[in-house]
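Here's the structure, in structure tokens; my notes come after.
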Amino acid sequence: IATTMASPAAAAAAVDDADPSSSVSSSLDPSVVAYDALVNSSVARVLSSAGKIGGQVLQGSQVLKDAFVAQRAIVLAISKCKQPNINSLQQLVQPLADTISKATALTEGRKPDAYNHLKTIAESLSALTWVVFTSKDCGMSFPATHVEESWQAAEFYNNKVLVEYRNKDANHVEWARAMKELFLPGLRDYTKKFHVTGPAWNPKGGDVLQNFASSSGMAPQPAPRGLPPPPPPPGNSLTMTDLPSGSKTSMNAVFQQINRGEGIASGLRKVTDDMKTKNRAARIGEVPVGTSSKRSNAGVVGSIADRSGPAKFQLQMDRKWVVENQVDNRSLVISKCNAWQSVYIFGCKNSVIQIQGKVNNITIDKCAKTGVVFKDVVAACEIVNCTSVEVQCQGVAPSITIDNTMGCQLYLSKSSLSASITSAKSSEINVLVPGTTDDSDLVEHALPEQFLNVYKDGSFVTTPVSHSGG
């Protein structure tokens with residue numbers, strides 16, 4: 001008998017077989033029947049579209065299907081078992097967690113060609129974690145709200161797919177639409193109907209682990225404990241690659257190396273005469289005699305000025321959220337905010353910030369290749385000194401200001417179409433608005449960059465310059 005669950009499908013069969021009276025589908029709880037209908041219709045639609053595309057999109061969509069199969073086992077257990085303790089729940093959802101991690105791994109490392117598709121899948125799968133909701137004090141929203149919030153992060157990348165392929169490939173557009181309908185209204189409405197205040201565990205059911213163990217042989221296991229801290233790197237050399245990145249214990253090992261004193265230099269290589277710059281035959285970049293060094297000095301000064309400070313993500317004086325110097329961080333979420341607070345985002349690169357609530361004001365300053373998703377803003381959203389940023393308003397924004405910015409993709413919802421957009425000293429500004437129907441593609445509008453000024457009747461008349469090709 002196996003001692004671990006072989007696959008999500010095996011887990012589903014294990015729970016189903018644990019009850020001798022449930023040998024046919026007619027004995028399934030209505031919540032399980034409805035979940036199966038969701039998978040057979042909406043997930044199948046995503047896979048059908050992915051099959052026409054192939055490649056990485058199909059690979060990621062298969063992982064999406066595996067995640068829904070893994071959750072099916074949990075949904076079945078919810079209908080047959082009483083609410084488990086935290087250790088048992090952790091073991092029950094482990095196959096789902098592993099599948100979500102697999103989806104996330106597809107987006108890491110070298111940026112894949114189907115990056116936006118894979119990010120849509122990875123971000124959306126966090127919606128499946130509604131099954132671990134325990135109470136209103138657990139730090140999670142209720143299941144239906146949790147699904148909506150999770151999709152908001154995924155929709156940022158899903159919209160990119162729609163914009164990129166709307167006039168190129170209908171299969172990609174169909175895939176993006178199928179993805180959205182899978183979660184909204186699909187999974188959201190399912191949880192709202194059957195699990196509105198949390199997973200509807202069966203108070204008269206049996207124990208989760210006993211049901212699993214009775215058919216699959218999985219014995220109850222204690223909660224996994226943290227691994228002991230790794231020992232310091234061997235030898236006398238100070239090697240960062242030998243340590244886990246981002247680990248507190250690894251940094252302690254580094255400090256122990258530094259505190260050794262004189263012995264720290266014993267592992268360093270000796271620089272021989274032929275390795276010195278002055279003795280190299282080819283000295284690329286040598287400044288000729290008489291050339292001014294002002295340019296090189298300016299470069300040094302500029303590099304010092306461009307250095308970013310420490311990364312910040314904090315609420316100051318209960319009035320101002322500060323997000324500064326975040327690099328390659330796409331999981332920044334401001335969830336507990338109110339209409340009296342402002343948000344200041346400064347110096348972020350390759351990051352995504354989500355603001356899940358109404359705030360007074362949002363300022364995005366000196367950011368590059370950064371995305372910001374927000375719901376409602378009371379006063380204004382300001383974008384200044386930025387390069388290649390994307391901003392999405394999902395609610396209401398009375399005013400949006402774009403100043404000294406090169407490259408801005410602005411996504412507006414139907415509620416924010418009345419927003420006034422002011423731009424100055426900016427270029428490459430595109431505003432995307434919803435189509436006439438819910439199924440319509442986003443419509444892209446480019447804001448003018450050039451203006452024609454004509455002196456007429458005692459004053460200058462300014463009009464945007466329109467370009468037309470013959």
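The structure displayed is predicted, hence computed values, not measured ones.
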Least distance between heavy atoms, H195 atom then W130 atom: CD2-CH2, 3.5 Å

From NZ (K336) to CD (Q341), nearest 0.5 Å: 12.0 Å

Closest non-hydrogen atom pair, E164 against K168: O-CD, 3.2 Å

Side-chain donor-acceptor pair present, D66, Q62, cut-off under 3.5 Å: no

Close side-chain approach of F374 to V391, heavy-atom, < 4.5 Å: yes

CA sep, side-chain torsions, deciding dist, call: D403, T401, side chain to side chain donor-acceptor pair (under 3.5 Å): CA-CA 6 Å; D403 188 15; T401 302; over 6 Å; no

Derivation and outcome, side chain to side chain donor-acceptor pair (under 3.5 Å), residues S342 and N360: CA-CA 5 Å; S342 62; N360 184 270; over 6 Å; no

Qualifying residue for side chain to side chain contact (heavy atoms under 4.5 Å, CB included) with V63, from L118, T104, I100, T99: T99

Exceeds 12 heavy-atom contacts within 6.0 angstrom, atom NZ of K160: yes

K52 with D169: basic N within carboxylate O range, under 4.0 Å: no

Backbone N/O of C348 and side chain of T370: donor-acceptor pair under 3.5 Å: yes

Electrostatic pair E390-K369, nearest N-O below 4.0 angstrom: no

Ring geometry between F194 and Y190 (parallel below 30°, tilted from 30 to 60°, perpendicular above 60°): tilted

Closest heavy-atom pair and its distance - G395, S415: O-CB, 3.4 Å

Any donor-acceptor N/O pair, S126 side chain to A122 backbone, under 3.5 Å: no

T437 backbone acceptor or donor facing S440 side chain under 3.5 Å: yes

Whether F133 and F142 hold their rings parallel, tilted or perpendicular, with breakpoints at 30° and 60°: tilted

Donor-acceptor pair, side chain of N116 and main chain of Y157, under 3.5 angstrom: no

E149 and S141 side chains, donor-acceptor separation under 3.5 Å: yes

Donor-acceptor contact present, side-chain R72 to main-chain Y35, <3.5 Å: no

Exam field: side chain Q56 to backbone A114, donor-acceptor pair closer than 3.5 Å: yes

Exam field: side chain Q71 to backbone L128, donor-acceptor pair closer than 3.5 Å: yes

Pairwise distance CD1(I78) to CD(Q83) - rounded to 0.5 angstrom: 9.5 Å

Residues N171 and S49: side-chain donor-acceptor under 3.5 angstrom: no

Flag, side chain of S101 to backbone of A97, donor-acceptor distance under 3.5 Å: yes

Nearest heavy-atom neighbours spanning S61 and I121: N-CD1, 3.6 Å

Under 3.5 Å: donor-acceptor pair, side chain of S426, backbone of A424: yes

M140 atom CE: more than 12 heavy-atom contacts under 6.0 Å: yes

Residues Y411 and Q394: side-chain donor-acceptor under 3.5 angstrom: no

Identified side chain to side chain contact (heavy atoms under 4.5 Å, CB included) partner of I429 from the options I383, L447, T405: L447

Contact check, side chains of H445 and N430, non-hydrogen atoms, under 4.5 Å: no

Q326 versus E324, side-chain donor and acceptor atoms under 3.5 Å: no

Inter-residue atom distance L410.CG - I421.CD1, 0.5 Å rounding: 5.0 Å

Passing candidate, side chain to side chain contact (heavy atoms under 4.5 Å, CB included) with F346, options V322, N325, I364: N325

K111 charged N/C atom sitting above Y115 aromatic ring, 6.0 Å / 45°: yes

Reported CG-to-OG distance for the pair L47 and S42, which is rounded to 0.5 angstrom: 11.5 Å

Closest non-hydrogen atom pair, N158 against T120: N-OG1, 3.2 Å

Aromatic plane relationship, W321 with F313 - under 30° parallel, 30 to 60° tilted, over 60° perpendicular: tilted

Between S413 and S416: side-chain donor-acceptor atoms closer than 3.5 Å: yes

Spacing of K366 atom NZ and I345 atom CD1 [to the nearest 0.5 Å]: 15.5 Å

Minimum side-chain heavy-atom gap T129-H146 below 4.5 Å: yes

Contact check, side chains of Q409 and Q392, non-hydrogen atoms, under 4.5 Å: no

Parallel, tilted or perpendicular: ring planes of H117 versus W175, cut at 30 and 60 degrees: tilted

Any donor-acceptor N/O pair, E123 side chain to S150 backbone, under 3.5 Å: no

CZ-CD distance between R188 and E148, expressed to the nearest 0.5 angstrom: 5.0 Å

Residue pair Q356 / K375: nearest heavy atoms and the distance that separates them: C-CD, 4.3 Å

Side chain to side chain donor-acceptor pair (under 3.5 Å) evaluation trace for T363 with N361: CA-CA 7 Å; T363 301; N361 183 74; 3.2 Å; yes

Side-chain heavy-atom pair I400, T422 within 4.5 angstrom cut-off: no

